[in-house]
Amino acid sequence: MRLYSTLSRRLEELPAPPGPIRMYFCGPTVYQRAHIGNARPFLLGMWLRSWMGDRGYDVTLVHNITDVDDKILAAPGPSAAVAAQATEWYLEDIGDFKLGLPDALPKATEAVPQIVSFIERLVEGDHAYAVEGDVYFRVARDPEYGCLSGQRPDQVEEQEPNPLKEDARDFALWKSNKPGEDLAWDSPWGRGRPGWHIECSVMAEEAFGPVFELHGGGLDLVFPHHENELAQSRAVGHEFARIWTHNGMLEFGGEKMSKSLGNDVSIRNVLDTWGREVALLYFMTAHWRKPIDFTDETLAQAQAQVRSFRAAFAAHLNVESPSLPWEVFESALDDDFNTPEALAVLHRWRSDGQMEMVRRGLRVFGLHTLAQFDKPPPRLVKLAEQRQAARDERDYPRADELRAEIEEGDWEVQDIADSPGYRLIPK
RNA sequence: GGCGCCUUGGCCGAGUGGUUAGGCAGCGGCCUGCAAAGCCGUUUACAGCAGUUCGAGUCUGCUAGGCGCCUCCA
């Protein structure tokens, strides 16, 4: 199996099973409802874990939560409560995809002692310096700085000059407590809080030690966040992540969806409006590295595909001797996790009536639920039986009335050709 | 100014030099009491220009347009 890595800028072959494959994916900063773009790295991580598990790998997925940050401090109310509430929402939201949870969901605030000692190591190694209660990373000491993002340090723009820094490119590892900030810890440099990048270096080390196979996150984190993480970890002698995956952004009206632009739609909203199956299939339609448009039309297309799979399962087709072998599906996913191509294979099996193959493939993505049907409510079964009776008596106006009533209950009644039977399918 | 990415038919999207991707929507037909589902058929693809090659959507160069990052961001 291979995946494209930002670090090498090419496809990287994974070690042979069973690995291990240790994956660290950057999660959200928790200060409000997470938007649907935040779901993408989560889903990619979960799907990779699922697929690699099937392929015989020993996989561990760590997905961090940033619960100390400027935005949390700026939000109205006690910061700890803001973060706790938003964390709860996030866990609810990702839980509702019903894919299970990552193996660990560490929080920055629960790693502060380790963060402090990590920074001490950097200071001792002369990779960092303390100034008036802040600690900064010394970028000039790292000749490799920029290797992940391709940024040339001398070309990086500085927005607001900070006189405390030796060099404009240096970034904060520890920030001194400012008046009004209600999240702070004691440290050798005084009361303060961790900078943004350091938590990931520390929590990845906590989980995996000095080296692990895969680090994921959104494309917008390549620089500066991941560049800085890598620099910090290498400064203490770690190899850190070998493969870096960066998923494409969700776009909304031609622009990136983000909280700062105010064009974001929450995960909760999407789940409530379209349901988990449509949301999951929607993300399958685009390759993970590419941008994906978030529009009613693209979601509606995903919904149409969901319905086509469900209808095929309802028809109970299962033809033996597959037209395409399982290996075709496998190689699509093994090759840079190409979900659109895998989806095309599933459609091919669907149209050939090989629903067991479809079910097996959908299971990787948590979509095998399309093959499971709840029992229709007894009230609707009764209506369907009445409709059947009306049809038998050729009372078609009555039959159509009953069908409309069934559809109001979000089930659809379909007659079966060549038999007097019908079937009920959830809409 | 720097770094990186993208441009395929009405829409979404595969395509790792040489036979149909696939889905959605549309149209015509079969089936149906009517539908739905299904099935069959069908509809100006590869931004433009030049090059490499026996052969390019696929490689190279240029042009045009778009996007991301360099500041919080998945």
Side-chain angles (χ1 to χ4, degrees), chain A residues 2 6 9 11 25-29 31 34-45 63 66 69-71 74 146 148-160 169 196 216-227 246-251 254-261 264 281-282 284-287 289-293 295 297-305 307-312 314-315 317 332 335-336 338-348 350-351 353 390-391 394-397 399-400 403-404 407 412-418 422-423 425 427:
Chain A
R2 54 190 187 161
T6 310
R9 291 179 183 72
L11 293 167
F25 270 69
C26 277
T29 300
Y31 62 99
H35 66 76
I36 187 67
N38 291 276
R40 207 172 183 190
F42 166 75
L43 293 175
L44 180 62
H63 191 241
T66 300
D69 171 85
D70 290 345
K71 298 233 164 152
L148 179 67
S149 63
Q151 291 289 336
R152 305 219 317 263
D154 56 306
Q155 290 289 345
V156 172
E157 287 181 0
E158 168 85 354
Q159 293 278 316
E160 294 167 38
R169 304 165 297 173
W196 178 33
L219 193 58
D220 52 355
L221 297 183
V222 176
F223 191 91
H225 185 235
H226 289 163
E227 191 74 62
H246 291 282
N247 59 271
M249 302 289 99
L250 253 74
E251 289 184 2
E255 275 185 319
K256 181 176 79 160
M257 178 184 288
S258 78
K259 294 175 200 167
S260 7
L261 291 171
D264 59 304
L281 198 135
Y282 164 73
M284 283 182 74
T285 61
H287 184 98
R289 277 195 280 136
K290 294 227 172 168
I292 181 170
D293 268 325
T295 63
E297 196 182 354
T298 52
L299 269 295
Q301 289 189 3
Q303 183 174 56
Q305 294 189 52
R307 286 181 175 157
S308 76
F309 282 121
R310 190 179 277 140
L317 295 171
D335 185 10
D336 204 23
N338 192 333
T339 55
E341 197 169 355
L343 187 57
V345 175
L346 295 176
H347 279 295
R348 175 73 183 279
R350 174 183 61 78
S351 74
R391 289 184 70 216
R394 298 184 188 278
D395 183 357
Y396 297 119
D400 291 348
R403 175 164 62 201
E407 284 178 11
E412 188 177 12
V413 62
Q414 296 184 352
D415 298 330
I416 298 169
D418 308 323
Y422 63 88
R423 66 174 80 98
I425 296 173
K427 279 178 117 174

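All values below were derived from every heavy atom in this structure, side-chain atoms included, with hydrogens, water molecules and symmetry-related copies excluded.
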Out of rC72(B), rC24(B), rA74(B), which nucleotide sits closest to the side chain of Gln305(A)? rC24(B)
Donor-acceptor contact present, side-chain Ser149(A) to main-chain Phe223(A), <3.5 Å: no
Base rC6(B) paired with Arg289(A) side chain (donor-acceptor, <3.5 Å): no
At under 4.0 Å between heavy atoms, what does Val345(A) touch on the DNA or RNA strands: base, sugar-phosphate, or nothing? nothing
If the cut-off is 4.0 Å, is Asn338(A) near the phosphate of rG13(B), judged by side-chain N/O to OP1 or OP2? no
When we call it a touch if two heavy atoms are under 4.0 Å apart, what does Gly27(A) touch: a base, just sugar-phosphate, or nothing? sugar-phosphate
Consider the side chain of Gln151(A), meaning its heavy atoms from C-beta on, and name the nucleotide among rC12(B), rC70(B), rG33(B) that approaches it most closely. rC70(B)
Quick check on rU7(B): is either OP1 or OP2 less than 4.0 Å from any side-chain nitrogen or oxygen of Lys290(A)? yes
What's the closest nucleotide to the Ala344(A) side chain, out of rG22(B), rA74(B), rA37(B)? rG22(B)
Result for 5'-nearest mapping on RNA chain B, choosing between Pro397(A) and Leu11(A), is Leu11(A)
Provide the distance between the two P atoms, one in rG28(B) and one in rG18(B), to the nearest whole Å. 38 Å
In whole Å, what separates the C1' atom of rC24(B) from that of rG57(B)? 22 Å
For rU20(B), give the paired nucleotide (Watson-Crick: N1-N3 plus N6-O4 or O6-N4; G-U: N1-O2 and O6-N3; both under 3.5 Å), or none. none
With both distances kept under 3.5 Å, what pairs with rA45(B), Watson-Crick or G-U wobble? none
From the set rC70(B), rC11(B), rC34(B), return the single nucleotide nearest to any side-chain atom of Pro224(A). rC70(B)
Using the test salt bridge (Lys or Arg N to Asp or Glu O under 4.0 Å), find all partners of Asp220(A) that sit at least two apart in sequence or belong to another chain. Lys256(A)
For Gln414(A) and Ser308(A), take the nucleotide of RNA chain B holding the closest heavy atom to each; which residue's nucleotide lies nearer the 5' end? Ser308(A)
For a quick test of reading the model: is some side-chain N or O of Thr29(A) closer than 4.0 Å to OP1 or OP2 of rA74(B)? yes
Report the nucleotide, chosen from rC69(B), rC34(B), rA14(B), that has the shortest atom-to-atom distance to any side-chain atom of Glu341(A). rA14(B)
Quick note, Asp415(A) side chain, CB onward, closest among rA74(B), rG38(B), rA35(B) is rA35(B)
Please classify the nucleic acid contact of Gly37(A) as base, sugar-phosphate, or nothing, using heavy-atom distances under 4.0 Å. base
Nearest to the side chain of Arg350(A), which nucleotide is it out of rG13(B), rC24(B), rC6(B)? rC24(B)
Can you check the Leu219(A) CG to rC3(B) P distance for me, whole Å? 17 Å
Any donor-acceptor pair, under 3.5 Å, between the side chain of Arg403(A) and the base of rA35(B), if you only look at N and O atoms? yes
Whole-angstrom distance between rA21(B) and rC12(B), as gauged at atom C1': 14 Å
Closest of rA37(B), rG22(B), rU7(B) to the Ala311(A) side chain is rA37(B)
Using the P atoms only, state how far rU20(B) lies from rG29(B), rounded to an integer number of Å. 28 Å
Contact class for Arg2(A) vs. all strands (heavy atom < 4.0 Å): base, sugar-phosphate, or nothing? base
Pairing residues for Asp395(A) by the side chain to side chain contact (heavy atoms under 4.5 Å, CB included) criterion, not counting sequence neighbours: Ala390(A), Pro397(A), Arg398(A)
Check against side chain to side chain contact (heavy atoms under 4.5 Å, CB included), Thr285(A) and Ile292(A): CA-CA 9 Å; Thr285(A) 61; Ile292(A) 181 170; 4.2 Å; yes
Which nucleotide, in any strand shown, forms a Watson-Crick or G-U wobble pair with rG51(B), with both distances under 3.5 Å? rC59(B)
Whole-Å distance, Leu343(A) CG to rC12(B) P, equals 16 Å
Can you find an N or O donor on one side and an acceptor on the other, under 3.5 Å apart, linking the side chain of Gln301(A) with the base of rG23(B)? yes
What's the gap between rA14(B) and rG22(B) when it is taken at their P atoms, as a whole Å value? 15 Å
Taking atom P in both rU60(B) and rC5(B), compute the distance separating them and give it to the nearest angstrom. 12 Å
Asp70(A) near the nucleic acid: base, sugar-phosphate alone, or nothing, with a heavy-atom cut-off under 4.0 Å? nothing
Verify side chain to side chain contact (heavy atoms under 4.5 Å, CB included) between Asn338(A) and His287(A), making sure each step is shown before the conclusion. CA-CA 6 Å; Asn338(A) 192 333; His287(A) 184 98; 4.1 Å; yes
Counting C-beta onward and ignoring hydrogens, is there a side-chain heavy-atom pair between His226(A) and Thr6(A) closer than 4.5 Å? no
Could you please name the partner base of rC5(B), counting Watson-Crick and G-U wobble pairs only when both distances are under 3.5 Å? rG66(B)
For atom CG of Asn38(A) and atom C1' of rC72(B), their distance in whole Å: 13 Å
Please report, rounded to the nearest Å, how far the P atom of rG23(B) is from the CG atom of Leu281(A). 13 Å
Please work out if Leu250(A) contacts a base, only the sugar-phosphate, or nothing of the nucleic acid, heavy-atom cut-off 4.0 Å. base
Length of the CZ-P vector between Arg394(A) and rU32(B), whole Å: 13 Å
For Arg350(A) and Val345(A), indicate whether the former's side chain and the latter's backbone hold a donor-acceptor pair under 3.5 Å. no
Taking the side chain of Ala399(A) as its heavy atoms from C-beta onward, which of rG33(B), rG2(B), rC72(B) lies nearest to it? rG33(B)
Within the 4.0 Å heavy-atom criterion, would you say His246(A) contacts the bases, only the backbone, or no part of the nucleic acid? nothing
Sugar-phosphate only, base, or nothing, as touched by Thr295(A) at under 4.0 Å among non-hydrogen atoms: nothing
Any-strand Watson-Crick or G-U partner of rU71(B), both distances under 3.5 Å: none
Quick check on side chain to side chain contact (heavy atoms under 4.5 Å, CB included): which of Gln301(A), Gln305(A), Arg307(A) does Gln303(A) satisfy it with? Arg307(A)
Using the P atoms only, state how far rG55(B) lies from rC40(B), rounded to an integer number of Å. 38 Å
Can you tell me the pairing partner of rC39(B) across any strand shown, Watson-Crick or G-U wobble, with both distances under 3.5 angstrom? rG29(B)
In whole Å, what separates the C1' atom of rG68(B) from that of rG26(B)? 35 Å
Check whether any side-chain heavy atom of Pro224(A) lies under 4.5 Å from a side-chain heavy atom of Gln151(A), and answer yes or no. no
Could you tell me the separation between the CG atom of Leu221(A) and the P atom of rU71(B), rounded to a whole number of Å? 14 Å
Nearest-angstrom distance from the residue atom CG of Asp69(A) to C1' of rU71(B): 13 Å
Considering only rG22(B), rA36(B), rA74(B), which nucleotide approaches the side chain of His347(A) most closely? rG22(B)
Donor-acceptor under 3.5 Å (Thr339(A) side chain, Met284(A) main chain): yes
